[in-house]
Q: 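Handing you a structure now.
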2 protein chains.
Amino acid sequence: MPPTTIPDIVIGRLPVYLRALTQFEISGNKVTSSHEMGEHLGISSAQIRKDLLHFGEFGKQGTGYNISYLKEQLEVILRVNQEWDVALVGAGGLGNAIVNYSGFRGRGFRIAVVFDNNPAKIGQKIDDLIVLSADQIKTKISKMRIRIAMVAVPSGQAQSVTNKLVEAGIESILNYAPTSLTVPSKVRIHHIDPVVGLQHMTYYM
Amino acid sequence: MPPTTIPDIVIGRLPVYLRALTQFEISGNKVTSSHEMGEHLGISSAQIRKDLLHFGEFGKQGTGYNISYLKEQLEVILRVNQEWDVALVGAGGLGNAIVNYSGFRGRGFRIAVVFDNNPAKIGQKIDDLIVLSADQIKTKISKMRIRIAMVAVPSGQAQSVTNKLVEAGIESILNYAPTSLTVPSKVRIHHIDPVVGLQHMTYYM
DNA sequence: TAGATTGTTAATCGATTAACAATC
DNA sequence: TAGATTGTTAATCGATTAACAATC
């Protein structure tokens, strides 16, 4: 947890704040308050103020927070005031859906290259990307200086694909395969597993 | 947080334990230990033992945990020793990928019905499901007694779709749209937003 | 028996909340 | 000024970890 000593759990909430601010902005609001944000997200207003204070004083007493200003600040803090090129491995149904997903737009990420190991898929187009052979993962990623990758292959292939990505110099991985992955400690990893969320909810049903 | 007073954060880890156990089982192992699981998941062994102890004594001193037995117990605890029918709203690229996603199989969930509001899609088949009109959400879900739904529509439509689902009696919602949703407090909601995970990681890059 | 690992408590650590002065 | 909301501290609360006796 480098830069300073800010708790990782706080960092994890910032993207959620950022998403909420974007919604408020779309609704045409200019200003919000920790109370309003808390209501909207189901978080206490004290927590939101304290989280933000780790990074500076972004509000104004009596008024609240200027939405577009706070948004910009959070984007800088999270390093998404730039667009990151992302490599995607897996051009199946899930990979296709990821490429066409609108949720990346304007939030700091752009799929820049797609790989698959299926000869029938290599050379085909997805959106305006040509699917490359998985054999090219290392050379292409190194050459393009890509630092972030997504894994959207079947569970059985996820670990070997991950190993290749790590070799290629990838620093952060978003894994869509429903399996845990082993990576060197310098590499960050996040899992997207819908079943984890579903099972969490069925416990209470 | 009904049943007993077990912390929600503990419940949230159980699906991850369950997934790891499945992996160990696939590798041909019969027995594991809190230490081995902790290593694999990056969690302390003490935490794993303590989490499990909320629900009973599943291990054996000197030996560890029988994988298939612990798996069964967790499945019962999480209520996924049965298969839940799930309604999906949204038959676009993402909806298609969800229907064809292999990660639900054997983990307690089955897409039982798909809705869309696009006339061009209604009546079409995805896998062996026929896409129904979004107008039928309420009647069909009530009739089928479905309690869990997934939202895979554009952000702008997510709230109104959610309202319909709540009206239809849905109790748990998995939301794939990159937007927060307002629901009555009795309804549980989980978000799948890949950008949240990505932005969490870029902070450290 | 010796070795290993759980079950379990007590201690530590860290996160959340309550409260309010500062200030717009 | 009166009202509102932040910035900030102190108190509370809860989760994690360390440690070890129990026991397989």
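Here is how names work: the chains are called A, B, and so on, in the same order as the sequence lines, proteins then strands, and each is numbered from 1. Values in this document were obtained by computation on a predicted structure and should not be read as measured data.
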Q: Hey, mind stepping through A:N29 and A:E25 against side chain to side chain donor-acceptor pair (under 3.5 Å) and telling me if it holds?
A: CA-CA 5 Å; A:N29 299 12; A:E25 205 173 43; over 6 Å; no

Q: Which whole-number value in Å describes the distance from B:H54 NE2 to C:dT9 C1'?
A: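 Nearest whole value for this atom pair: 13 Å.
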
Q: For B:R13 and D:dT16, is the shortest distance between a side-chain N/O and OP1 or OP2 below 4.0 Å?
A: yes

Q: When you measure from the side chain of A:D116 to the backbone of A:A91, do you find a donor-acceptor pair of N or O atoms at a distance under 3.5 Å?
A: yes

Q: Could you state the atom-to-atom distance from CZ of A:F55 to P of D:dT6 in whole Å?
A: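 Atom CZ in A:F55 sits about 17 Å away from atom P in D:dT6.
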
Q: Between the side chains of A:Q23 and B:S180, is a donor N or O closer than 3.5 angstrom to an acceptor N or O?
A: yes

Q: Of B:E57 and B:G62, whose closest DNA chain C nucleotide lies nearer the 5' terminus?
A: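 So the residue in question is B:G62.
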
Q: Please report, rounded to the nearest Å, how far the P atom of C:dA15 is from the CG atom of A:L53.
A: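 The distance from CG of A:L53 to P of C:dA15 comes to 16 Å, rounded to the nearest Å.
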
Q: Under 4.0 angstrom, heavy atoms only, what part of the nucleic acid is A:S34 near: base, sugar-phosphate, or nothing?
A: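 Sugar-phosphate contact only.
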
Q: Let me have DNA chain D in dot-bracket notation, would you? Count Watson-Crick plus G-U wobble pairs, both distances under 3.5 Å, and use [ ] for pairs crossing earlier ones and | for inter-strand partners.
A: ..||||||||||||||||||||||

Q: If you compare every side-chain N and O of A:Y65 against the phosphate oxygens of D:dG7 (OP1, OP2), does one of them come in below 4.0 Å?
A: yes

Q: From the set D:dT16, D:dT8, C:dG7, return the single nucleotide nearest to any side-chain atom of A:R49.
A: D:dT8

Q: Suppose we call two aromatic rings close when their centres sit under 6.0 Å apart. Are B:F24 and B:H40 close by that rule?
A: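 Aromatic pair counts; centres sit under 6.0 Å.
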
Q: Output the single nucleotide from D:dT9, D:dG7, C:dA15 whose closest atom is nearest the side chain of A:P7.
A: C:dA15

Q: Do we get A:R188 above B:Y204's six-membered ring, with its NZ or CZ under 6.0 Å from the centre and within 45° of the axis?
A: yes

Q: Measuring from the side chain of B:K60 (C-beta onward, heavy atoms only), which nucleotide among C:dT17, D:dC24, D:dT17 has the closest atom?
A: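 Among the listed nucleotides, the one closest to the side chain of B:K60 is D:dC24.
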
Q: Roughly, in whole Å, what's the span from CD in B:Q47 to P in C:dG14?
A: 14 Å

Q: Taking the nucleotide of DNA chain C with the closest heavy atom to each, which residue, A:T63 or A:I43, is nearer the 5' end?
A: A:I43

Q: Give, for atom CZ of B:R49 and atom NE2 of B:H35, the distance between the pair rounded to the nearest 0.5 Å.
A: 10.5 Å

Q: Between A:K186 and A:E171, does at least one N-O distance fall below 4.0 Å, as a salt bridge requires?
A: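 No salt bridge links A:K186 with A:E171.
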
Q: Which nucleotide in the set C:dT5, D:dA15, C:dT16 lies at the smallest distance from any side-chain heavy atom of B:Q61?
A: C:dT5

Q: Quick one: B:D51 CG to C:dG7 C1', roughly how many Å, whole number?
A: 14 Å

Q: Using 4.0 Å as the upper bound for N to carboxylate O, is an ion pair formed by A:D193 and B:R107?
A: yes

Q: Once you round it to whole Å, what is the distance between C1' of C:dT8 and CZ of B:F58?
A: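 In whole Å, C:dT8 C1' and B:F58 CZ are 16 Å from each other.
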
Q: Taking the minimum atom-to-atom distance to the side chain of A:K50, which one of D:dG7, D:dT16, C:dT16 wins?
A: C:dT16

Q: Could you please name the option among C:dT6, D:dT9, D:dT16 that lies closest to any side-chain atom of B:I9?
A: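 Nucleotide nearest to B:I9's side chain: D:dT16.
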
Q: Separation of A:I48 atom CD1 from D:dT6 atom P, in whole Å?
A: 9 Å

Q: Quick one: is A:S44 getting a side-chain N or O under 4.0 Å of the C:dT17 phosphate, OP1 or OP2?
A: yes

Q: Over how many whole Å does the gap from B:I6 atom CD1 to D:dG14 atom P extend?
A: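 Spelled out: CD1 on B:I6 to P on D:dG14 is 15 Å.
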
